[in-house]
Asks: 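Okay, handing you the structure first.
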Amino acid sequence: MAESPVAQQPAEEVPKLIVHHLNDSRSQRILWLLEELDVPYEIKHYQRTAERLAPPELKAVNPLGNAPVITDGSLNLAESGAIVEYIIQKYGNGRAQPPESGKIDNLYYTHYAEASLMPLLVSKLIYRIIPERSPFLLRPILKGVFSMVSAKMLDPRLKVHAEMIETHLAKTDSFFAGGAEPTSADYMMVFALEAWAADPNSSLGPKSKAYVERIHSRPAYIRGLEKGGEYAFAKVPS
């Protein structure tokens, strides 16, 4: 008598990495990274409040209520730099690595983006927001005060940063670490540069603006943009 065939058990589905994605935030660069590396993932969308703050639901995955956050199995991980390094190390399969000649540049710009550049850009944003959210009669006074503070304290420093970035991109003529593909430095720098480039009074030079345009034209970036939804600093090509 023939033996009964053994029933085939369906393969256990591997859980996908989840990106907790807040609109108009640093989490957009995580989508770009995952698309470049062809990593399967799911998106859980969160929308900013009318005050442009993250919604309270984000605190369920990150006590600080900030984005980006990823969930990978039992792991919840926040902070852009940590997420970028984690994904490249675990899922990169040898990709997103700088050439030997660009390792120090990659190390530097990976950390420079949030440690040195973003605090200045965020301060400039805050100086603009404070007058807008102040009592009506105080707005003209505060706008003048904060505009003067920004012009005297922030703009000269940002000009120095813009010149350094411009000189570096003129040297590499590609990505921040040189080479043939983006590395962690690019994934970390892109948010600051695209937000800065969106300011019509930005001191960014032509090389830096062209860099942002090149990143925005990459198929992986466009796919991430399509999946992430409306984004203030880039548009899906029509």
Asks: Identify which one of D24, L31, N23, V236 satisfies the side-chain contact (heavy atoms from CB on, under 4.5 Å) criterion when paired with Y231.
Replies: D24
Asks: Determine, stepwise, if the pair F233 / H216 fulfils ring pair (Phe, Tyr, Trp, His ring centres under 6.0 Å).
Replies: CA-CA 10 Å; F233 307 126; H216 285 182; 9.1 Å; no
Asks: Report the residue from I88, I83, V190 that forms a side-chain contact (heavy atoms from CB on, under 4.5 Å) with L33.
Replies: I88
Asks: Decide whether D186 and Y211 meet the rule of one side-chain donor and one side-chain acceptor closer than 3.5 Å.
Replies: yes
Asks: Looking only at side-chain N and O atoms, does E36 offer a donor or acceptor that is under 3.5 Å from a partner on Y187?
Replies: no
Asks: Identify the heavy atoms of G224 and Y41 that sit nearest to each other, and give their distance.
Replies: CA-OH, 4.5 Å
Asks: Is it true that R218 and E35 have a side-chain N and a carboxylate O under 4.0 angstrom from each other?
Replies: no
Asks: Name the atoms and distances for all side-chain donor-acceptor pairs under 3.5 Å in residues 119-128, with sequence neighbours left out.
Replies:
unit_1	atom_1	unit_2	atom_2	d
S123	OG	P119	O	2.8
K124	NZ	S150	OG	3.0
K124	NZ	D155	OD1	2.6
R128	NH1	E132	OE2	3.2

Asks: Return yes when atom CD of E166 has more than 12 non-hydrogen atoms of other residues, nucleotides or ligands closer than 6.0 Å, and no otherwise.
Replies: yes
Asks: What about Y112 and I104, same hydrophobic cluster or not, with Ile/Leu/Val/Met/Phe/Trp/Tyr joined at side-chain heavy-atom distances under 4.5 Å?
Replies: no
Asks: Output the distance between atom CG (L75) and atom NZ (K90), rounded to the nearest 0.5 Å.
Replies: 7.5 Å
Asks: Measuring from D105:CG to T183:OG1, what's the distance to the nearest 0.5 Å?
Replies: 9.0 Å
Asks: Is the count of non-hydrogen atoms from other residues, nucleotides or ligands lying under 6.0 Å from R139 atom CZ greater than 12?
Replies: yes
Asks: Does atom CE of M164 have more than 12 heavy-atom neighbours, drawn from other residues, nucleotides or ligands, at distances under 6.0 Å?
Replies: yes
Asks: Are side-chain heavy atoms of L107 and S184 found at a separation under 4.5 Å?
Replies: no
Asks: Within the 3.5 Å criterion, strictly below it, is a donor on H20 or Y46 matched to an acceptor on the partner's side chain?
Replies: yes
Asks: Taking the side chain as C-beta and beyond, is there a heavy-atom pair between R48 and P55 under 4.5 Å?
Replies: no
Asks: Are V84 and I215 connected, step by step, through hydrophobic side chains (Ile, Leu, Val, Met, Phe, Trp, Tyr) whose heavy atoms are closer than 4.5 Å?
Replies: yes
Asks: Ignoring hydrogens and angles, state whether a donor on the side chain of T172 or S174 is under 3.5 Å from an acceptor on the partner side chain.
Replies: no
Asks: Within the side chain of E42, is there an N or O that forms a donor-acceptor pair under 3.5 Å with the backbone of K16?
Replies: no
Asks: Taking side chain as C-beta onward, heavy atoms only, is K44 less than 4.5 Å from T71?
Replies: no
Asks: Say whether H161 and S116, considering side chains only, have a donor N or O and an acceptor N or O under 3.5 Å apart.
Replies: no
Asks: Might you confirm whether atom CG of L64 has over 12 heavy atoms from other residues, nucleotides or ligands at distances under 6.0 Å?
Replies: yes
Asks: Please confirm whether the backbone N or O of H21 pairs with a side-chain atom of S27, one donor and one acceptor, at under 3.5 Å?
Replies: no
Asks: Out of curiosity, does L77 fall in the hydrophobic cluster containing M188 (side-chain heavy atoms, cut-off under 4.5 Å, transitive links)?
Replies: yes
Asks: Would you kindly confirm whether F146 and L138 end up in one hydrophobic cluster when ILVMFWY residues are joined by side chain heavy atoms under 4.5 Å apart?
Replies: yes
Asks: What's the spacing between R52 CZ and Q47 CD if we round to 0.5 Å?
Replies: 9.0 Å
Asks: With sequence neighbours excluded, what pairs up with A78 under the side-chain contact (heavy atoms from CB on, under 4.5 Å) test?
Replies: N62, V69
Asks: Quick check: does any side chain N or O of S134 sit under 3.5 Å from a backbone N or O of I130, one acting as donor and the other as acceptor?
Replies: yes
Asks: Distance from L17 atom CG to I87 atom CD1, nearest 0.5 Å?
Replies: 5.5 Å
Asks: Between I70 and W32, is there shared hydrophobic-cluster membership here, with clusters defined by ILVMFWY side-chain heavy atoms closer than 4.5 Å?
Replies: yes
Asks: Regarding E226 and Y221, do their side chains bring together a donor and an acceptor under 3.5 Å, going by distance alone?
Replies: no
Asks: What distance do R214 atom CZ and F175 atom CZ have between them, rounded to the nearest 0.5 Å?
Replies: 7.0 Å
Asks: Taking NZ, NE, NH1 and NH2 as the nitrogens, is one of them in E163 or K159 under 4.0 Å from a carboxylate oxygen of the other?
Replies: yes
Asks: Would you tell me whether Y91 and D38 have side-chain atoms, one donor and one acceptor, within less than 3.5 Å of each other?
Replies: no
Asks: With rounding to the nearest 0.5 angstrom, report the CG to CG distance, L58 to L53.
Replies: 11.5 Å
Asks: Please say whether more than 12 non-hydrogen atoms of neighbouring residues, nucleotides or ligands are located less than 6.0 Å from NZ in K209.
Replies: yes
